[in-house]
Q: 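Okay, handing you the structure first.
In what follows, every chain begins at residue 1, and chains take the letters A, B, ... in the order their sequences are listed. These values consider heavy atoms only, across backbone and side chains, with no hydrogens, waters or symmetry-generated copies.
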Number of protein chains: 2
Amino acid sequence: MDTVRKSSGTVGKALSVLDLVASFERPVRFNDVLEVSPYPKATLYRILQNLVTEGVLAFDREWQTYALGVRLVRLAHSAWTQSSLAPVARPHLTALSQATGETIHLAQLDGPHVLYLDKRDAKRRVNMFSEAGKVGPAYCTGVGKAMLAHLSADELDRILPQQSYHRYTPSTICSQQELTVELQQIRQDGFALDREDHEPGIICVAVPVLSRSSQLMGAISITSTSARTSLNKLKKFVPDLQHAASQVAAAAEYWRFPDNQGTPEKMEI
Amino acid sequence: MDTVRKSSGTVGKALSVLDLVASFERPVRFNDVLEVSPYPKATLYRILQNLVTEGVLAFDREWQTYALGVRLVRLAHSAWTQSSLAPVARPHLTALSQATGETIHLAQLDGPHVLYLDKRDAKRRVNMFSEAGKVGPAYCTGVGKAMLAHLSADELDRILPQQSYHRYTPSTICSQQELTVELQQIRQDGFALDREDHEPGIICVAVPVLSRSSQLMGAISITSTSARTSLNKLKKFVPDLQHAASQVAAAAEYWRFPDNQGTPEKMEI
DNA sequence: ATTATAGTTTCATTATTCGGAACTCAAAGG
DNA sequence: CCTTTGAGTTCCGAATAATGAAACTATAAT
């Protein structure tokens, strides 16, 4: 189902096992993993042991189960802080959320999937599939389509075939052809719409976050329900979204600029 | 400074490089990493390349920098969801926060450090990886001491020498001897106090989360400022804390119980 | 033109990993 | 009580991947 990454080296294999354990969404026994893993018993055993000694998997003696370890949470904190748009985008998301009163999402691409990095809830609570760290499909979400539309042809060729094109709702885009047409439109408009593509009753408008050199950095969206508002009303927020996106892009680019600390002492002399 | 984990296998080396990159708290150039890494140029180069192809490091072509990749955020989301106390503790933390109006922390041990898994601010909720995922010292925080007090002698022998015993404030416990005495007291009392050990003006009371078999699972704390309240007043919350801790422990143990799905079909026949 | 610095590639050597097979252990079945 | 079964663990020669000194390239500084 979920595309397995090419796991070339030893590290790749270890990470693929980590993904395998993650995919169970509960602590698993050795045999559970063995059944779905491509590795022979002895090999898998050793890989699991390594991961446990490295603290990236946790082994529960009592239950004899493996689960993802806390070391990952620590690493993710660093990842969130240092690598992504998330920290610089924070105040802008809050501002958007307060200005619109709707749910705001910040996302990046993780391979062929959308990965949600941050979220602001509307005052009124909407029950929805998404929290920081969660992944979702790219071909049928607002942020996903906004990002796909701004990838290079090469990257699209690699990523589009990896989409599942599952029909979540009657309005889901279910083929690469349809998607390609939609992406063309999105590129022209500068924003993407989610017309209940992914969840019935959930609509959204999204814009990409692009660097000065038009490199894709991520996407921001405003989400609501068709009961409360309409796509046309949501579209009114596009300028705000675009403003926020450019602010975030500028902040992200500026943020890494001062780190030109190659040889500061020399320069001062 | 920060203790480097024993990195036995290939995976260990890769993870140690990941930690190295994380420790910069900003995107880094190859040479930055090289200078602090124990590996020769070619070796480090290959390790970094592997990590990039695996999506666990991100390489920025334009700046030629490495940063932790989003794949880690996804894994951490799974780790948070599946392995830790965090998901089951959530409602209990919220309840505590509302009952007391103070800041609540949930933490676990990650090696010798305290790793914060969740937090309730007196006022607003906190984003997942911005606060959750942070690490702190064990020997001078409420949650840290509460957890250390309930480790086995073996584990203490391993972990106590790894503490830094840095004097953050005049009241910081700065030696293993003093700490051992304090832990004895904590074991008797059933709760730990932070008497501005870590930050001036910040006080806290913490209790461990223990399984039925007295295995340490984590710790919960109520934090406040010495300006607003006192240790004696905070102590009044100990029963609430202990109640919450036992609820969380029970929930966590129950939660993994139904997964006894070894041979369900056979049993039904 | 020369030197210095950062990053990349090569390849013979060395160390790890691989995985079939054999083993332990505990529980289920006769 | 003995046998069977299956999960989990260990062994060890063969297969594979990692290692790192050195050479190389590209770019910037002198």
Side-chain angles (χ1 to χ4, degrees), chain A residues 5-18 20-21 24 26-54 56-67 256 259-269, chain B residues 5-18 20-21 24 26-54 56-67 256 259-269:
Chain A
R5 304 208 190 210
K6 50 171 178 272
S7 50
S8 41
T10 308
V11 180
K13 286 168 203 162
L15 283 166
S16 79
V17 170
L18 224 48
L20 230 46
V21 173
F24 281 88
R26 61 176 173 87
V28 280
R29 297 182 144 267
F30 176 78
N31 219 40
D32 300 335
V33 189
L34 182 59
E35 277 167 11
V36 295
S37 97
Y39 307 110
K41 222 207 265 207
T43 303
L44 180 66
Y45 183 75
R46 188 172 25 73
I47 294 177
L48 285 172
Q49 278 208 146
N50 280 339
L51 292 173
V52 169
T53 49
E54 293 303 334
V56 70
L57 269 189
F59 182 70
D60 184 321
R61 303 192 144 271
E62 197 178 344
W63 292 85
Q64 302 214 130
T65 55
Y66 298 87
R256 56 176 61 179
D259 295 5
N260 257 338
Q261 32 189 268
T263 49
E265 307 85 359
K266 281 183 189 171
M267 297 170 81
E268 280 178 17
I269 293 170
Chain B
R5 304 207 190 211
K6 51 170 177 271
S7 49
S8 41
T10 308
V11 180
K13 285 169 202 161
L15 283 166
S16 78
V17 170
L18 223 49
L20 231 45
V21 173
F24 281 87
R26 62 178 172 85
V28 280
R29 301 185 72 102
F30 176 77
N31 219 40
D32 300 335
V33 189
L34 182 59
E35 277 166 10
V36 296
S37 97
Y39 306 110
K41 222 208 275 206
T43 303
L44 180 66
Y45 183 74
R46 188 173 25 73
I47 294 177
L48 285 173
Q49 276 208 148
N50 281 339
L51 292 173
V52 169
T53 51
E54 293 303 334
V56 67
L57 269 189
F59 182 70
D60 183 321
R61 299 192 147 275
E62 196 177 344
W63 292 84
Q64 303 216 127
T65 54
Y66 297 87
R256 57 174 62 179
D259 295 6
N260 256 341
Q261 33 190 267
T263 49
E265 307 84 359
K266 281 184 190 170
M267 296 169 79
E268 281 177 19
I269 292 169

Q: Specify whether Tyr45(B) and Phe30(B) have parallel, tilted or perpendicular ring planes, treating 30° as the upper limit for parallel and 60° as the lower limit for perpendicular.
A: perpendicular

Q: How far apart are the closest heavy atoms of Leu48(A) and Tyr66(A), and which atoms are they?
A: CB-CE2, 3.9 Å

Q: Taking all atoms of both residues into account, what is the closest heavy-atom pair of Ile47(A) and Ala14(A), and its distance?
A: CG2-CA, 4.0 Å

Q: At what distance, to the nearest 0.5 angstrom, does CG of Leu15(B) lie from CG of Leu51(A)?
A: 8.0 Å

Q: State, to 0.1 Å, how close Val28(B) and Phe24(B) come at their nearest heavy-atom pair, and which atoms those are.
A: CG1-CG, 3.1 Å

Q: For Leu34(B) and dT5(C), give me the distance from atom CG to atom P, rounded to whole Å.
A: 14 Å

Q: With a 4.0 Å limit, can you tell me whether Arg29(A) has a side-chain N or O closer than that to the phosphate oxygens OP1/OP2 of dA7(D)?
A: no

Q: What is the distance, rounded to the nearest whole Å, between atom CH2 of Trp63(B) and atom C1' of dA6(C)?
A: 17 Å

Q: How many whole angstroms separate atom CG of Leu44(B) from atom P of dG7(C)?
A: 11 Å

Q: Just report the end-to-end axis angle for the helix from dA1(C)-dT30(D) to dG30(C)-dC1(D), five pairs per end, to 10 degrees.
A: 20°

Q: Within the structure, does a side-chain N or O atom of Tyr45(B) lie under 4.0 Å from either OP1 or OP2 of dT8(C)?
A: yes

Q: Report each atom pair, protein N/O against N/O of nucleotides 17-24 of chain D, whose distance is under 3.5 angstrom.
A:
{"residue": "dA17(D)", "atom": "O3'", "partner": "Thr10(A)", "partner atom": "OG1", "Å": "3.3"}
{"residue": "dA18(D)", "atom": "OP1", "partner": "Thr10(A)", "partner atom": "N", "Å": "3.3"}
{"residue": "dA18(D)", "atom": "OP1", "partner": "Thr10(A)", "partner atom": "OG1", "Å": "3.4"}
{"residue": "dT19(D)", "atom": "OP1", "partner": "Lys13(B)", "partner atom": "NZ", "Å": "3.1"}
{"residue": "dT19(D)", "atom": "OP2", "partner": "Arg46(B)", "partner atom": "NH1", "Å": "2.9"}
{"residue": "dT19(D)", "atom": "OP2", "partner": "Arg46(B)", "partner atom": "NH2", "Å": "3.0"}
{"residue": "dG20(D)", "atom": "OP2", "partner": "Thr43(B)", "partner atom": "OG1", "Å": "3.2"}

Q: Can you measure Gln64(A) atom CD to dA26(C) atom P for me and round it to whole angstrom units?
A: 11 Å

Q: Indicate the atoms forming the closest heavy-atom contact of Trp63(B) with Asp60(B), along with that distance.
A: N-OD1, 3.1 Å

Q: Tell me the closest heavy-atom pair linking Val21(A) and Ala67(A), and the distance in Å.
A: CG1-CA, 4.2 Å

Q: Atom CD of Gln49(B) and atom P of dT8(C): how far apart are they, to the nearest Å?
A: 7 Å

Q: What integer distance in Å separates Asn31(A):CG from dA26(C):P?
A: 18 Å

Q: Do the side chain of Asn31(B) and the main chain of Leu34(B) share a donor and acceptor less than 3.5 angstrom apart?
A: no

Q: Could you check how far CZ of Phe30(B) sits from P of dT25(D), rounded to whole Å?
A: 18 Å

